[in-house]
Amino acid sequence: MMEGARGTIEAIAVKNLQEVLRKKGISAEALFSKYDLNGDGSLSSEEFKAALESVTGQNAPEAILRAVFGAIDTNSDGKIGRASCRERV
């Protein structure tokens, strides 16, 4: 996939997540706090997947999960930190 197309897909996926959270009245901080299940100060891909499934009531396709996670994981360390979550979501 071309880099520009990937960036567009990620941007759309993040925008859709923001819209769902806004409609449900869930802040990025609340999402982070509730789903940082092990309390390590970051969301793993599995914690993030659980959060999305809980919030949306659906199992997102793996490609969508990777796109949204990758867009929010700004330093590409495989985790979403609290600051990244607040800034991007």
Side-chain angles (χ1 to χ4, degrees):
M1 182 182 301
M2 295 181 347
E3 187 65 32
R6 194 182 96 212
T8 301
I9 291 168
E10 290 173 349
I12 292 169
V14 170
K15 185 175 180 176
N16 288 342
L17 174 59
Q18 291 167 338
E19 183 66 18
V20 168
L21 292 175
R22 186 188 62 75
K23 284 182 179 179
K24 294 189 177 258
I26 301 170
S27 69
E29 184 69 32
L31 180 80
F32 187 92
S33 295
K34 183 173 182 178
Y35 292 99
D36 179 17
L37 301 176
N38 63 4
D40 69 351
S42 63
L43 295 179
S44 67
S45 60
E46 287 302 313
E47 290 169 325
F48 185 71
K49 179 180 178 181
L52 287 186
E53 289 175 359
S54 177
V55 168
T56 66
Q58 300 176 8
N59 293 324
E62 197 61 37
I64 298 296
L65 288 170
R66 280 193 310 271
V68 176
F69 190 88
I72 300 170
D73 178 17
T74 55
N75 65 358
S76 301
D77 67 353
K79 302 176 198 171
I80 297 173
R82 188 177 299 270
S84 292
C85 189
R86 280 194 311 257
E87 290 168 13
R88 304 287 299 196
V89 177

Practice task
Check the pair F48, D73 against side-chain contact (heavy atoms from CB on, under 4.5 Å), reporting the backbone distance first and the verdict last.
Solution key: CA-CA 11 Å; F48 185 71; D73 178 17; over 6 Å; no

Exercise for the section: State plainly whether one hydrophobic cluster holds both V20 and I64, where clusters connect Ile, Leu, Val, Met, Phe, Trp and Tyr through side-chain heavy atoms under 4.5 angstrom apart. Expected result: yes

Handout entry: Closest heavy-atom pair and its distance - S42, D36
Key = O-OD1, 2.9 Å

Exercise for the section: Any chance you could measure L52, atom CG, to L31, atom CG, to the nearest 0.5 Å? Expected result: 7.5 Å

Exercise for the section: Mark yes or no for whether R88, through its side chain, and V14, through its backbone, hold a donor-acceptor pair below 3.5 Å. Expected result: no

Practice task
Report the distance from atom NZ of K49 to atom CZ of R66, rounding to the nearest 0.5 Å.
Solution key: 11.0 Å

Problem - Test: R22 and E19 ion pair at under 4.0 Å - result: yes

Fill in the blank from the handout: Nearest heavy-atom approach of G81 to F32 is C-CE1, 3.6 Å

Practice task
Group every Ile, Leu, Val, Met, Phe, Trp and Tyr by side-chain heavy-atom contacts under 4.5 Å, then state whether L37 and F69 land in the same group.
Solution key: no

Practice task
Find out whether E29 and R82 are in side-chain contact, i.e. whether some heavy atom of one side chain is under 4.5 Å from a heavy atom of the other.
Solution key: yes

Exercise for the section: Can you see which heavy atom on A71 is nearest to which on T74, and at what distance? Expected result: O-CG2, 4.1 Å

Problem - Validation row: V89, I80 side chains within 4.5 angstrom (heavy atoms) - result: no

Completion exercise
OG of S45 to CD of E62, rounded to nearest 0.5 Å, is 8.0 Å

Fill in the blank from the handout: Interatomic distance, CG@L17 vs CG@L21, rounded to 0.5 Å, equals 4.5 Å

